[in-house]
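All values below were derived from every heavy atom in this structure, side-chain atoms included, with hydrogens, water molecules and symmetry-related copies excluded. Just so you know, these numbers come straight off a predicted model, no measurement behind them. The sequence lines fix the lettering, A, B, ..., with proteins before strands; numbering per chain opens at 1.
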There are 2 protein chains.
Amino acid sequence: MTTMRKISQLVGVSTATVSRALKNPEMVLPETREKVLKAVETLGYRPNILAKNFSSGKTQTVVVIVTDLTNPFFSRIVQGVEEEAQKLGYSVLLGDTNDDINRERVYAEMVLNNKADGLIQLDHLFPFEDKDKEIAKTVPMVSVCDAIDGDYEYPYITIDNFAASRDVAKHLISLGHTKIGAIAGKDDSLVTSDRLGGLQRVLQEHNIPFNDDWFMRGGYTKQCGKESMEALLSMGEYPTAVYCFSDEIAIGAIKAIKDAGLRIPQDISIVGFDNIDICEYIDPPLTTVDQPAVEMGQRAMQILYQLINGDAIQHITEFKPYTLLVRDSTGLAPK
Amino acid sequence: MTTMRKISQLVGVSTATVSRALKNPEMVLPETREKVLKAVETLGYRPNILAKNFSSGKTQTVVVIVTDLTNPFFSRIVQGVEEEAQKLGYSVLLGDTNDDINRERVYAEMVLNNKADGLIQLDHLFPFEDKDKEIAKTVPMVSVCDAIDGDYEYPYITIDNFAASRDVAKHLISLGHTKIGAIAGKDDSLVTSDRLGGLQRVLQEHNIPFNDDWFMRGGYTKQCGKESMEALLSMGEYPTAVYCFSDEIAIGAIKAIKDAGLRIPQDISIVGFDNIDICEYIDPPLTTVDQPAVEMGQRAMQILYQLINGDAIQHITEFKPYTLLVRDSTGLAPK
DNA sequence: TTGTAAGCGTTATCAT
DNA sequence: ATGATAACGCTTACAA
């Protein structure tokens, strides 16, 4: 391996000068710099990042925790994180947890033992062990999409889920729907309660009762969406519109409806959430709420960068713009 | 920060003993070990991985290069890689390239400057710069799905694409199709030529001509699938069956066919490749070739582990089992 | 502008 | 079984 030592010997300067020539060229005579660069070239020197990181105490790496990388909404956020990370000189360690809290902890711990400098959390769980609660308060962490459960101060990048849900509800009501169901993802997260709250508020404003039996919970998956919809259809009376808290859920729900021989939107209207790529391709194209996934990921990384580099952690919640995209999966309520 | 030094002072032993007590308990007296562990507990000591890695010269980290993380087939492979990596004590650095060769190089270089110990490549490109060609031959690298272009010796995990394509072709022919088109992903990779070759061979065996105009190329995306299918439909005569080299392509093709007012499979049969989750949920459910994505990722990581830990690189190609899954997107050829 | 040397926290070698 | 110490490659005061 070619080290700075070798370069310095070849050129006849000290390692300090080599280091400066490479990192702070202006601190060194142009001709010295030239000689160093030439030696670097001929010897094929590469800085040993391991040593550099050790010396500086920084890893220039962040961890991103995600429950399911195959969900395109999450993977787009991760793409945004990574794109921005690269710009800022950071690498991204992947933390796919498959909803396993133990794996969350493994990844979170990386920040505590200097495997990474910061953490981006896409899940709503506090990823550290109880015993690390205190120290965790000082670690640079940002959450995206969903807020971290409990009374913590981490910055949070999201959209206004309450308002988005209001828009969804108004849209459905404008089509004449009064029998509205919903299928949620995570059971008890802020996102879920915001979205449910927005829906309920609008129903209330229109004096439309909310039927608790029509509020299903599961995970953000097609499978859960299908099962929940099947359960709804098996009830004596079922809703004419179902608001799914993710597009994946909606895709599962659509499958269940078609399998039951019903039509969308003539018999049942479906709304999704996230606006993943496939929404435009499915049949019928899905009405959904667009979240700027890439931008959210980028922004999370920017804020994390600030935290890592000295800014104090403060609980800001940053809202990104969302858009209700009306496509063909919603239509007039059946008579 | 709590260091070994502090532990050793508290216990009254040397740092070497602390190190041994933690890593090689059998080299230390049980009572010494006890005291050390207790001090570790009370001081809340955590090993500094940065220092450990620097000292050992290993990062316990691998990079996985992927062109598009939002493609569920790729993200499942990455999940497999990560699951296995965690078992083996490794972390995974994400290298989403968005098809940008410069980003591939950034990620590949991480192995050269000690940011990672090895590399898993899902793309078909040789990710290193020309000037690093020689040194690259010694770096632990494994490719999955697609082989690396050129005359290299890296291990390669895949399925038998030629045979799988033969199965697809036979299936279509058994349904009476003679006008068969295809939409490929990457232009000139081994996977593409294997799949095309398998198709052509079977057609030849059945004395069915292959129409070059019906062989489209683009990327593994829905968008490309849609555009290619639109182009096919705009031809005077178009195929009655189209073999798409990925499910994403197939989803785009299906959209184009429906938009044109045609039915699947009555007017045109569609076959996909990969068997991503959504295949069962789309309308009609997609006939496709299942690739064991998670297993392929796991296996790639296992082999990479062996390379990193001393096994010599040898050009093995390991084939995983595939399955043709016949669903409803393929049917009898129209009269 | 450049050199010297300490320091980062762990592991490993060689004594004891 | 344990201690002393060197070593890993780079950065950075501090000196010259």
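With rounding to whole Å, A/K23 atom NZ is found 10 Å from D/dC10 atom C1'. Per the geometry, CG belonging to A/N24 stands 14 Å off C1' belonging to C/dT2, to the nearest Å. We find that CD of A/Q60 is positioned 14 Å from C1' of D/dC10, with the value rounded to whole Å. In this structure, A/K115 atom NZ and C/dG9 atom C1' are separated by 16 Å, rounded to whole Å. If you measure from atom CG of B/N113 to atom C1' of D/dG9, you get 13 Å, rounded to the nearest angstrom. Distance, B/M1 CE to C/dG7 P: 18 Å, rounded to whole Å. Note: CE (A/M4) to C1' (D/dC8) measures 14 Å, nearest angstrom. Regarding A/Q9, its CD atom lies at a distance of 13 Å from the P atom of C/dG3, rounded to whole Å.
Annotation: B/Y154 is not in aromatic contact with B/Y156 [ring centroid separation under 6.0 Å not met].
The shortest distance between the side-chain N/O atoms of B/T3 and the OP1/OP2 oxygens of C/dG9 is not below 4.0 Å. Regarding contacts with the backbone of D/dC10, every side-chain N or O of A/S19 stays at 4.0 angstrom or more from both OP1 and OP2.
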When you compare the protein's N or O atoms with those of nucleotides 1-5 of chain D, which come within less than 3.5 Å of each other, and at what distance?
unit_1 : atom_1 : unit_2 : atom_2 : d
D/dT2  : OP1    : B/T32  : OG1    : 2.4
D/dT2  : OP2    : B/L29  : N      : 2.8
D/dG3  : OP2    : B/S14  : N      : 2.8
D/dG3  : OP2    : B/S14  : OG     : 3.3
D/dG3  : OP2    : B/T17  : OG1    : 2.5
D/dG3  : N7     : B/R20  : NH2    : 2.8
D/dG3  : O6     : B/R20  : NH1    : 3.3

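The side chain to side chain contact (heavy atoms under 4.5 Å, CB included) test with A/H124 singles out one residue from A/V191, A/I148, A/D188, and that residue is A/D188.
Residue pairs satisfying the salt bridge (Lys or Arg N to Asp or Glu O under 4.0 Å) criterion with at least one member in residues 47-57 of chain B, sequence neighbours excluded, are absent.
Between A/T67 and A/K186 the shortest side-chain heavy-atom distance falls below 4.5 Å. Using a 4.5 Å cut-off on side-chain heavy atoms (C-beta onward), A/Y107 and A/R103 make contact. For the pair A/M301 and A/V64, the minimum side-chain heavy-atom distance is 4.5 Å or more.
Relative orientation of the B/F54 and A/F54 rings is parallel, given thresholds of 30° and 60° on the angle between their planes. Between A/Y152 and A/F126, the ring planes lie parallel to each other; the angle is under 30°, not in the 30° to 60° tilted range.
Within 6.0 Å of atom CD in B/E26, more than 12 heavy atoms from other residues, nucleotides or ligands are found, so the atom counts as buried in its surroundings.
Contacts between residues 37-57 of chain A and DNA chain C, defined by a heavy-atom separation under 4.0 Å, are made by A/F54, A/S55.
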